[in-house]
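Shown next, in C-alpha cells, is the structure this report addresses.
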Amino acid sequence: GRSLGEIIRQGERSFSFEFFPPKDDAGETQLWDAIRALEPYNPTFVSVTYGAGGSTRDKTVAITGRIARETSMVPMAHLTCVGHTRDELEGILDLYIAEGVYHVLALRGDPQEGPRADWTPTEGGLNYALDLVELARSRGDFRVGVAAFPEGHPGADSLDVDADRLVAKANAGAEFAVTQMFFRASDYFDLVDRVRERGVDMPILPGIMPILNLSAIRRQGELIGTSVPDEIVERITAAGPEPEKVRAEGIKIAAELCEDLLDGGAPGLHFYTLNRSKATLEIFEALRITV
Ligand code: FAD
C-alpha cells in the first residue's frame, strides 16, 4: 500500500502548521527558523495565533503578512473577539486584506479568567466566534475557519450542545474547522459523526500536539478540557525516566494517532509546532512524509 506520506503528497489530504507570535528577538529568530525548516514540505497553509493577552496582537498581522510576501505558503491569521470592539475587529480584518491574508480562523478567545469562566464581552464587541464568522464574511473575500472541540468546549453543557455551536458557525459561513488538541482518535471521529448527523459536511482538521512533557500537557489539558488517557500516561511513564526516551515515546504516540486519524478518513493534520520544527519533523519521519 501507499504510505501516508504519499497520500498527503498527492494532495489528497491537507496538512498545516500552527505558530504563535514571539515575545522577543530570540523568539522571532526561532519562529523564522521553524517556518523555513517546514516550508519545503509544502503545507496546505500555516497559521499564526492571535494573543488574547494583547502585547503580541499586531504581530499576528505582521507575521502573516510577511509569510504571504516572503514565502511560498498560504498564511491563516487567527483573530479573537476578546478585548475588541466591532470597529477594531473590522480594522484588523482590513489590515489582513491589505497584507494579502485571506484565511482567518475566527475565535472567541479566552478572557483572563480562562475558558470556563462566565464571559463578559467587550462593550461594543462580539459575544461569540459565530459573530466574528459573520463579520469576516461580510467584510471581505475571506475563507473562514473556526475552532472545534473533540471533548467538547469546557463552556458547553454537553457534546450535543457543543456540536450545535460548531454547526451554527458552519451555517454562518465557516468553511472548515481545526480542533483543539486531543489524544483519542475516537473523540475526533465521534465529533465528526455529530456534525455529519446535523447535515454539515465541513472538513474538520485534527489538531496534533505531541506530548513531550507530560505534566505540562496535563496542566494545559486541565484548562482547555483535554484529558490525557490513562494508557498514554502509562506508556509515557514506562518509557522514562530519561527525557529522550519520554520524548521518543511521545512522538511515537502522536504518529500513531496521526495514522489512525488518516486511516479513518480525517481530511488532514494540523500540527501545533510551538514555533519549533523538530517534533513535527520527527512525526513526519515516523509517517514516512518526505520533502
Ligand atoms: P465560541 O464558538 O464562541 O464558543 C465559546 C463558548 O460559548 C462555548 O462554550 C460555546 O458552547 C458557547 N456558545 C457559543 N454560542 C453560544 C450561544 N449562542 N449561546 C450560549 N453559548 C454559546 N485563543 C486565542 O486567544 N487565540 C488564538 O489564536 C486561538 N487559536 C485557537 C485555535 C484552535 C484550533 C482552537 C481549538 C482554539 C484556539 N484558541 C485561541 C482558544 C479559543 O479562543 C478558546 O477555546 C475559546 O474558549 C473558545 O473559542 P471558540 O472560538 O470556540 O468560541
Side-chain angles (χ1 to χ4, degrees), residues 15-39 41 43-85 88-112 114-115 122 125-126 129 132 135-136 139-140 142-147 178-181 205 207-210 212-213 216-217 219-220 223-224 270-281:
F15 72 104
S16 46
F17 305 123
E18 182 169 313
F19 304 101
F20 63 85
K23 291 203 167 58
D24 54 26
D25 288 348
E28 191 81 18
T29 304
Q30 185 190 314
L31 167 69
W32 281 93
D33 285 350
I35 289 176
R36 291 303 185 185
L38 293 169
E39 184 177 13
Y41 290 82
T44 315
F45 66 89
V46 292
S47 83
V48 181
T49 63
Y50 194 77
S55 63
T56 62
R57 292 184 143 189
D58 44 2
K59 286 196 182 166
T60 303
V61 178
I63 295 164
T64 51
R66 186 172 163 196
I67 291 170
R69 275 191 313 278
E70 295 183 15
T71 79
S72 60
M73 300 181 288
V74 172
M76 175 169 81
H78 298 209
L79 184 57
T80 60
C81 304
V82 168
H84 280 309
T85 63
E88 287 168 355
L89 291 167
E90 287 174 351
I92 297 163
L93 289 166
D94 292 349
L95 287 176
Y96 284 141
I97 293 171
E99 293 282 345
V101 176
Y102 294 99
H103 289 73
V104 169
L105 195 71
L107 302 144
R108 187 195 68 181
D110 286 323
Q112 292 218 306
T122 305
L126 307 180
L132 188 53
L135 187 68
R139 194 73 187 174
F142 286 108
R143 308 262 89 107
V144 182
V146 290
V178 181
T179 79
Q180 189 59 275
M181 69 172 183
L205 296 172
I208 305 298
M209 177 83 88
L212 305 180
N213 177 326
I217 291 281
R219 229 175 309 134
Q220 194 191 347
L223 276 175
I224 64 178
H270 180 81
F271 293 92
Y272 292 108
T273 70
L274 305 181
N275 293 359
R276 296 175 192 277
S277 58
K278 188 167 178 239
T280 304
L281 293 179

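A quick note: this is a predicted structure, and the numbers were derived from the prediction, not measured.
- For the pair Arg108 and Leu132, the minimum side-chain heavy-atom distance is 4.5 Å or more.
- Scanning all heavy atoms of the two residues, the minimum distance from Glu28 to Pro22 falls at OE1-CG, 3.3 Å.
- Distance CG/Leu223 to CG/Asp110: 9.0 Å, rounded to 0.5 Å.
- Looking at heavy atoms from C-beta onward, Tyr102 lies in side-chain contact with Ile97 at the 4.5 angstrom threshold.
- Counting non-hydrogen atoms of neighbouring residues, nucleotides and ligands closer than 6.0 angstrom, the CZ atom of Arg276 reaches no more than 12 such neighbours.
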### Message
The test is side-chain contact (heavy atoms from CB on, under 4.5 Å); show your working for Glu18 and Met76 and say whether it passes.
### Response
CA-CA 9 Å; Glu18 182 169 313; Met76 175 169 81; over 6 Å; no
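- With contacts defined as side-chain heavy-atom distances shorter than 4.5 Å, the pair Ile208/Phe15 does not qualify.
- Side-chain atoms of Glu39 come within 3.5 Å of backbone atoms of Ser72 as a donor-acceptor pair (strictly under, hydrogens ignored).
- A side-chain donor-acceptor contact under 3.5 Å links Asn275 to the backbone of Phe20.
- With a 4.5 Å cut-off on side-chain heavy atoms, Val48 and Pro21 count as touching.
- The main-chain N or O of Arg139 is never found under 3.5 Å from a side-chain atom of Glu90 such that the two would form a donor-acceptor pair.
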### Task
For side-chain contact (heavy atoms from CB on, under 4.5 Å), just list the numbers for Leu281 and Leu38, CA-CA rounded to whole Å, side-chain angles, deciding distance to a tenth of an Å, and then say yes or no.
CA-CA 8 Å; Leu281 293 179; Leu38 293 169; 3.7 Å; yes
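- Looking at heavy atoms from C-beta onward, Phe17 lies out of side-chain contact with Met73 at the 4.5 angstrom threshold.
- In this structure, Ala136 and Val144 approach most closely via the heavy-atom pair CB-CG2, 3.9 Å.
- Between the CE atom in Met209 and the CD atom in Gln180 there is a gap of 8.0 Å [rounded to 0.5 Å].
- Within the 4.5 Å cutoff, the side chain of Phe45 has heavy atoms near those of the Leu205 side chain.
- Taking His84 as the reference, Tyr50, Arg57, Glu88, Leu89, Ile92 meet the side-chain contact (heavy atoms from CB on, under 4.5 Å) condition, with sequence neighbours excluded.
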### Task
Given side-chain contact (heavy atoms from CB on, under 4.5 Å), test Arg36 with Glu70 step by step and report yes or no.
CA-CA 11 Å; Arg36 291 303 185 185; Glu70 295 183 15; 4.1 Å; yes
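- Counting only heavy atoms from C-beta outward, the side chains of His78 and Leu107 approach each other to under 4.5 Å.
- Residues Ile224 and Met181 are in side-chain contact: their nearest non-hydrogen atoms beyond the backbone lie under 4.5 Å apart.
- In this structure, Ser47 contributes its side chain and Ala77 its backbone to no donor-acceptor pair below 3.5 Å.
- With sequence neighbours excluded, no residue forms a side-chain hydrogen bond (donor to acceptor under 3.5 Å, both in side chains) with Thr280.
- The CD1 atom of Ile63 lies 9.5 Å from the CG atom of Asp58; values are rounded to the nearest 0.5 Å.
- Within the model, atoms CG of Leu31 and CD1 of Ile67 stand 7.0 Å from one another, a figure rounded to the nearest 0.5 Å.
- For Asp24, the CG atom sits in a packed shell: over 12 heavy atoms of surrounding residues, nucleotides or ligands are nearer than 6.0 Å.
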### Task
Evaluate the criterion side-chain contact (heavy atoms from CB on, under 4.5 Å) for residue pair Ile35 and Phe19; output intermediate values, then yes/no.
CA-CA 8 Å; Ile35 289 176; Phe19 304 101; 3.8 Å; yes
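- Of all heavy-atom pairs between Gly65 and Val101, the closest is N-CG2, 4.0 Å.
- Atom-to-atom distance recorded for Glu99:CD and Arg69:CZ is 5.0 Å, nearest 0.5 angstrom.
- Counting all heavy atoms, side chain and backbone alike, Tyr272 lies closest to Pro210 at O-CD, 4.4 Å.
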### Query
So Ser16 and His270, side-chain hydrogen bond (donor to acceptor under 3.5 Å, both in side chains) or not? Walk me through it.
CA-CA 5 Å; Ser16 46; His270 180 81; 2.7 Å; yes
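- Between Tyr96 and Phe142, the closest heavy-atom pair is CB-CE2, 4.2 Å.
- Closest heavy-atom contact between Thr122 and Val82: OG1-C, 4.3 Å.
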